Participant: 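Please find one structure pasted underneath; my questions will follow.
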Amino acid sequence: MFDVQNLGSGYGDVQIISELSFGVGNEILAVLGANGAGKTTLLATLAKVIPVRSGAITWQGQDVSASPAYELSKRGIAYVPQEGNVFPNLSVAENLSLGALVGTRPKEDRLTEVYDLFPRLAERKEQRAGSLSGGEGQMLAVGRALMQDPQLLLLDEPSAGLSPLYVDILFQTITEARKSREISIVLAEQNAKKTLEIADRVLVLSLGRMHLLEAAKDLSMKRLMKAYHI
Amino acid sequence: MSFIIDAIFIGVLQASPLILAAMGFTLIYYLNGFINFGYGEGITYGAYFASFLNLSLGMSFYLSIVPAAMMTGAVSVLTYLYVFRPAIRRGVKPAELIILSVGLSFVLRYGLILMVGAENVFLDEPPIAFFTFAGTGATSLQFIALILVFTFAFNLYWLIYHTGFGEKVRGLADNPDLAQVSGIDPHRVSISVWFIAGSAAGLAGIFQGVFALVNPLMGWNLILITVMVSIIGGVGSVRGALIAAVLAGILTAAITLVTKPLYAEVALLSAFIFILWRRGPRMA
Amino acid sequence: MAYLIFTLSLLLIYVGLALALHIQFGLLGIANFGVVGFWGLGMYAMGVLQVQLDMSFVDALFLVLVLSIAVSWLMGWLVLRLDPQATLCATIAFAAIVSLLVVTEKWATMGVVGLGTIRYPFRIGGGTEYLYFAFLLAVVVGLQILVLRLHRSPTGKLLQAIRDNEELCASLGKNTFQVKMFWFVIASVVMCLLGALSAPLNQFLTPNMIVPSVTFAVWIALILGGKGHSLGAVVGVFVTFGLFDILIETYAPVSPELAVVVPNMKLFLYGLLLMAVLIYRPTGLLAPTTPPEHVWAEIRSAGIAAGRGAMTLFQNGKNAIQNPNTNQPADSTAAQENDGAADGKS
Amino acid sequence: MKLSATNLTKSYTGHPVLDIQNASFGGHGIEGLIGPNGAGKSTLLGCLTRRIQATTGDVRLDGDDGVPTSLMGYQSYEVARMGLVKTNQRIQNFDSLTIRDSLRMAATPSDKQDWRSVWTLAPIDDALEAEIATLLARFPFSDPDGYAMSGGEKKLLDILRCVIVKPKLFLMDEPTAGLPDEITQDVMKLVREKVDAGEMTVMIIEHDLDLIWKNCSYVHFLSEGSILFEGKPDAVKKNRVVAEKYMGV
């Protein structure tokens with residue numbers, strides 16, 4: 001469905017991702033790696049916020065390497081960046097409603113679903129997104145992406161800076177959303193242990209290249225630790 | 001007491017073009033993040049389009065309002081497409097974009113003078129009735145302007161704060177990357193915003209022109225106060241610009257009542273510098 | 001001829017203003033859009049002091065200096081912490097205040113009636129204008145030398161560093177605000193003094209001299225010439241003011257009907273030129289493509305070569321009458337200057 | 001030079017991102033500061049160098065004479081003059097200065113940099129000039145008298161610019177980001193020399209843990225805004241909290 005061939009990307013004259021090839025089926029694919037391994041760059045490139053330097057991205061049989069970001073979101077790819085993932089001066093309700101610009105189902109239905117998933121957001125409908133706490137902000141960011149009714153969800157470190165309690169809630173929600181909607185998820189995480197519990201397959205990045213790619217259940221903690229240099 | 005009422009009344013009546021101009025200006029600043037001095041020429045062009053329809057084609061003043069405003073909107077979109085968008089794409093920074101906009105305003109203004117000359121033009125006004133209200137006189141035209149201005153202001157406010165389009169605009173202004181990821185085509189939204197803002201400038205010019213006279217410098221004379229009002233009103237908020245424009249109108253009227261009108265401008269300008277200084281490094 | 005010398009003097013004033021703006025915007029990145037405010041303030045202060053208080057030129061100039069330091073410092077304090085857009089707005093507002101006050105304060109400025117007559121500091125019959133021109137030339141050459149040396153000096157490097165990245169500069173222990181303040185005041189005072197010096201040129205002052213297009217003309221000259229190049233200001237003024245105001249407006253054989261159009265045409269083209277430069281060649285005609293000091297060294301060596309040539313010619317002439325040994329000091333200065341240029345390159 | 005922070009907190013719009021009870025930095029030669037993304041590392045550095053105004057708390061500098069000075073009343077440039085200098089994680093550069101000029105600009109003392117230098121063109125003293133030349137010879141800039149072109153050159157220049165102002169406590173924010181491996185090693189060699197000579201102490205903030213284990217004699221682990229563990233690298237490596245927090249609960 002989603003296929004990446006020989007991808008290269010970076011900022012300015014710094015090449016960060018090189019020669020990366022993988023496919024995403026109907027699963028949760030976790031992208032793991034230490035800080036600075038290139039996870040954020042990879043996801044931003046997949047969402048076309050950063051242009052593709054080399055290689056190709058294919059989605060539903062079509063090459064989307066040159067399509068602009070808004071085109072991709074119309075085709076069912078939703079992206080939650082690590083930073084700046086909400087509209088800070090807009091209310092929670094407006095943030096969610098901006099998520100509903102793409103897709104065909106009525107906005108109200110989707111809104112009810114997201115509020116069911118994150119009851120805290122319903123309580124804070126009228127609040128400015130910039131004044132939410134870190135955890136609520138992440139929930140809103142994921143909620144906004146789910147409003148897009150995506151078939152592929154790109155999540156960039158949704159647990160960064162969150163307290164363990166919030167991480168649990170968030171990961172639980174992600175699994176629920178995945179089951180009820182049958183969507184593919186690419187999840188970039190530092191939080192390896194937790195991620196292993198929910199992921200189907202794991203891609204470990206090291207300095208922008210693929211370190212390993214295999215099923216989560218086959219992966220030992222020891223090999224992971226090695227990839228993290230701990 | 002009557003002094004205060006007079007000031008408010010005169011202020012609101014005189015401020016109506018200013019309110020329109022400030023709202024449109026704010027819209028562009030809000031979206032693109034730079035002060036567009038070329039916006040002032042929209043005011044001039046609006047008045048000249050109206051005078052063309054009104055005087056050359058013999059259209060009645062009221063009928064000429066909407067087409068003249070739309071023509072100004074089209075000019076505004078052209079400046080965006082052929083001047084500002086290429087510049088932004090080439091990485092021209094905000095401070096230089098302002099200088100660019102001053103250059104554009106020279107081109108538009110003196111281009112206009114080269115085409116139509118620098119003489120004052122008087123719009124063919126409809127018959128005027130005088131009203132007295134709370135001891136102060138006003139013309140029917142001023143009332144109509146006021147009503148139109150508030151209708152426009154209300155609609156703009158509604159558009160920005162209560163419609164899907166407004167949401168897109170605010171989203172794009174707030175977080176451009178995320179807006180694109182949410183499926184907003186920045187190009188289309190920008191064109192619409194520049195059209196609306198240009199139309200607002202055009203309307204402002206039409207009424208400024210019918211209140212006084214039409215000449216090529218009218219926009220330049222109004223742009224500085226428009227910029228001031230918008231910045232004081234809290235850049236990036238249509239609400240703020242509206243309130244600030246009314247307040248500036250009232251303040252100008254109040255100062256004018258006790259002293260010469262030029263002192264009113266000096267006081268406003270000084271207040272403007274002072275407010276910028278108090279705000280410190282951040283703009284909005 | 002008298003008109004030409006007047007326009008040329010005015011051209012020098014514009015070169016001076018552009019040089020001062022080069023210090024503020026080119027070197028420091030302060031977007032001062034109130035050039036006409038400082039210039040007009042100096043001009044009218046000179047006029048008022050001379051006409052209303054009957055002061056001598058020198059006394060008046062001294063008072064203008066004091067006044068301009070105070071005003072520039074106040075403006076610096078108000079705008080230097082702001083972001084560039086806010087600085088630009090605040091300085092425009094300052095210029096607008098100056099031009100409004102000139103109209104309202106009739107007791108001093110005579111308002112729209114106009115203020116006159118302002119005297120030259122000296123009077124030597126028919127040659128006054130020429131001597132004054134020479135004086136202005138000396139002032140402007142002095143300014144240009146200051147700017148050239150500033151580019152090479154440690155201060156100049158610091159100013160450029162502040163323009164490029166003020167926070168980074170502060171993190172290396174530089175007191176950026178103090179430096180910005182000092183040079184902003186210097187440049188603004190220069191603008192005021194150039195205003196004071198243009199008062200005798202104009203002789204009769206009216207409020208419509210203090211219009212934003214003066215600021216604009218200086219800006220276009222600077223941007224067109226190259227804001228990052230130490231000679232950009234001069235080149236820019238010659239291309240704009242020299243080409244349009246002197247060559248075309250004065251000497252081009254245009255019919256009377258067309259002559260009315262020319263000033264508007266000029267401003268139209270100024271605007272067009274400015275837009276084109278900003279979009280297609282943001283660095284201006286003289287782009288700082290090589291490190292400034294390399295350029296400077298080249299100019300210097302060219303200048304020194306020319307100077308030597310001239311010196312040799314001059315000396316040869318002199319030698320015919322005098323002792324041949326006199327050319328010794330000239331050569332040693334040239335040698336020293338060459339060393340200076342070499343230092344810059346190393 | 002030692003820096004101690006007490007009760008240092010920073011909140012953005014009411015949400016705490018930093019809460020340090022008691023910590024001291026710069027007492028162990030080369031130190032490391034590690035922690036997951038979003039732990040508050042940049043905020044901590046900003047508060048220490050006075051670029052960010054802390055919400056509460058105090059940062060004290062223990063001078064060579066042993067008398068502590070509170071930094072709270074100082075501006076960032078004054079703190080830098082006291083010897084607390086930080087490199088930048090994201091590329092920062094003076095684009096219109098050549099590499100050599102950039103170093104000269106940073107190294108020139110401010111009394112030789114004021115208006116008088118226009119008259120004298122005050123060349124910086126020979127010792128400093130020689131030092132710059134040595135630095136430039138040591139690192140592979142393509143043209144020391146040209147501009148820094150690549151991201152790597154700019155990053156390296158950023159580090160050298162800080163070294164040349166002779167910091168007492170040198171904070172290196174992600175020195176490896178954007179630098180080739182060999183150059184990082186050269187930089188660390190230079191830093192180690194300076195530390196061994198007693199010229200400065202260093203704190204490195206890094207994601208590349210290999211570099212931390214190899215170079216640091218003491219490591220602070222920051223997570224969720226507080227220092228959860230600190231100690232010798234081996235202790236930190238073995239610590240369960242660190243492994244769990246770094247890789248997930």
Side-chain angles (χ1 to χ4, degrees), chain B residues 29 33-35 37-38 83-84 86-87 90-114 117-118 216 220 223-225 227-228 231 235 259-277 279-283, chain C residues 25 29-31 33-34 74-75 77-105 111 211-213 215-217 219-220 222-223 227 260-261 263-280 282:
Chain B
Y29 188 96
F34 71 94
I35 292 166
F37 278 96
V83 179
F84 293 109
R90 279 166 170 269
V92 178
K93 290 185 206 76
E96 269 140 23
L97 280 175
I98 306 183
I99 301 166
L100 180 67
S101 78
V102 178
L104 174 69
S105 95
F106 267 64
V107 168
L108 291 177
R109 185 174 346 135
Y110 291 99
L112 186 73
I113 294 179
L114 288 176
W220 183 252
I223 186 68
L224 189 56
I225 193 159
V227 172
M228 278 166 36
I231 288 178
V235 172
T259 158
K260 298 177 234 174
L262 290 178
Y263 279 122
E265 267 189 66
V266 173
L268 268 183
L269 290 162
S270 312
F272 174 60
I273 297 179
F274 180 74
I275 288 174
L276 285 179
W277 172 73
R279 249 179 219 173
R282 93 216 135 73
M283 192 68 183
Chain C
F25 185 70
I30 301 167
F33 239 76
L74 177 70
M75 276 313 286
W77 183 64
L78 285 171
V79 307
L80 289 184
R81 281 191 210 279
L82 307 181
D83 78 316
Q85 298 209 38
T87 304
L88 198 145
C89 290
T91 45
I92 286 192
F94 164 73
I97 290 175
V98 171
S99 74
L100 284 170
L101 287 180
V102 163
V103 178
T104 55
E105 305 311 298
V211 285
S213 40
T215 301
F216 186 68
W219 267 91
I220 162 124
L222 184 72
I223 300 236
K227 62 179 188 290
V260 189
V261 178
N264 294 324
M265 193 61 164
K266 173 185 83 181
L267 290 166
F268 175 77
L269 288 174
Y270 273 14
L272 212 56
L273 214 54
L274 181 63
M275 283 165 60
V277 167
L278 276 171
I279 296 180
Y280 297 109

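Chain A is the first sequence line, chain B the second, and so forth, proteins listed ahead of strands; every chain is numbered from 1. On a predicted model such as this, the values are computed, not experimentally measured, just so you know.
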Participant: Would you check if C:Ile97 and B:Ile273 make a side-chain contact, meaning some heavy-atom pair closer than 4.5 Å?
Facilitator: yes
Participant: Say you draw a straight line from OG of C:Ser99 to CG of B:Leu262; how long is it, rounded to the nearest 0.5 Å?
Facilitator: 9.0 Å
Participant: Quick one: what part of B:Ser105 sits under 4.5 Å from any heavy atom of chain C, side chain, backbone, both or neither?
Facilitator: neither
Participant: Output the distance between atom CG (B:Leu276) and atom SG (C:Cys89), rounded to the nearest 0.5 Å.
Facilitator: 6.5 Å
Participant: Side chain from CB out, backbone as N, CA, C, O: work out which of these in C:Leu269 comes under 4.5 Å of a heavy atom of chain B, or both, or neither.
Facilitator: neither
Participant: Are C:Phe216 and B:Phe106 an aromatic pair by the rule of ring centers under 6.0 Å?
Facilitator: yes
Participant: Shorter than 4.5 Å, heavy atoms on both sides: which option in C:Leu88, C:Val277, C:Val261 has the most such pairs with chain B?
Facilitator: C:Leu88
Participant: Is chain C contacted by the side chain of B:Val266, its backbone, both, or neither, given a heavy-atom distance below 4.5 Å?
Facilitator: both
Participant: Checking C:Tyr270 now: which residues fulfil side chain to side chain donor-acceptor pair (under 3.5 Å) with it, not counting sequence neighbours?
Facilitator: C:Asp245
Participant: Heavy-atom pairs under 4.5 Å with chain B - which of C:Gly29, C:Pro84, C:Ala31, C:Pro212 has more of them than the others?
Facilitator: C:Pro212
Participant: Specify which of C:Leu274, C:Thr104, C:Leu101 makes the most heavy-atom pairs with chain B at under 4.5 Å.
Facilitator: C:Thr104
Participant: Do you know which two heavy atoms are closest between C:Gln85 and B:Tyr29, and how far apart they sit?
Facilitator: OE1-CE1, 3.6 Å
Participant: When rounded to the nearest 0.5 angstrom, what is the spacing between CG in C:Leu278 and NZ in B:Lys93?
Facilitator: 11.0 Å
Participant: Under 3.5 Å, side-chain donor or acceptor atoms of residues 95-102 of chain B against the rest of the protein: list the pairs with distances, not counting sequence neighbours.
Facilitator:
unit_1	atom_1	unit_2	atom_2	d
B:Ser101	OG	B:Phe37	N	2.9
B:Ser101	OG	B:Ile98	O	2.6

Participant: Could you look at C:Tyr280 and say if it's the side chain, the backbone, both or neither that has a heavy atom under 4.5 Å from chain B?
Facilitator: both
Participant: Where is the tightest heavy-atom contact between C:Ala93 and B:Leu224, given as atom of each residue plus distance?
Facilitator: CA-CD2, 4.5 Å
Participant: Test side chain to side chain contact (heavy atoms under 4.5 Å, CB included) on B:Leu114 and C:Phe268; report intermediate values, then the result.
Facilitator: CA-CA 9 Å; B:Leu114 288 176; C:Phe268 175 77; 4.1 Å; yes
Participant: So do the side chains of B:Ile113 and C:Leu267 get within less than 4.5 Å of each other, counting heavy atoms only?
Facilitator: no
Participant: What part of C:Ser213 gets within 4.5 angstrom of chain B, counting heavy atoms only: side chain, backbone, both, or neither?
Facilitator: both
Participant: Any side-chain heavy atom of B:Tyr110 sitting closer than 4.5 Å to one from C:Met265?
Facilitator: no
Participant: Name the region of C:Pro263, side chain, backbone, both or neither, that has any atom closer than 4.5 Å to a heavy atom of chain B.
Facilitator: neither
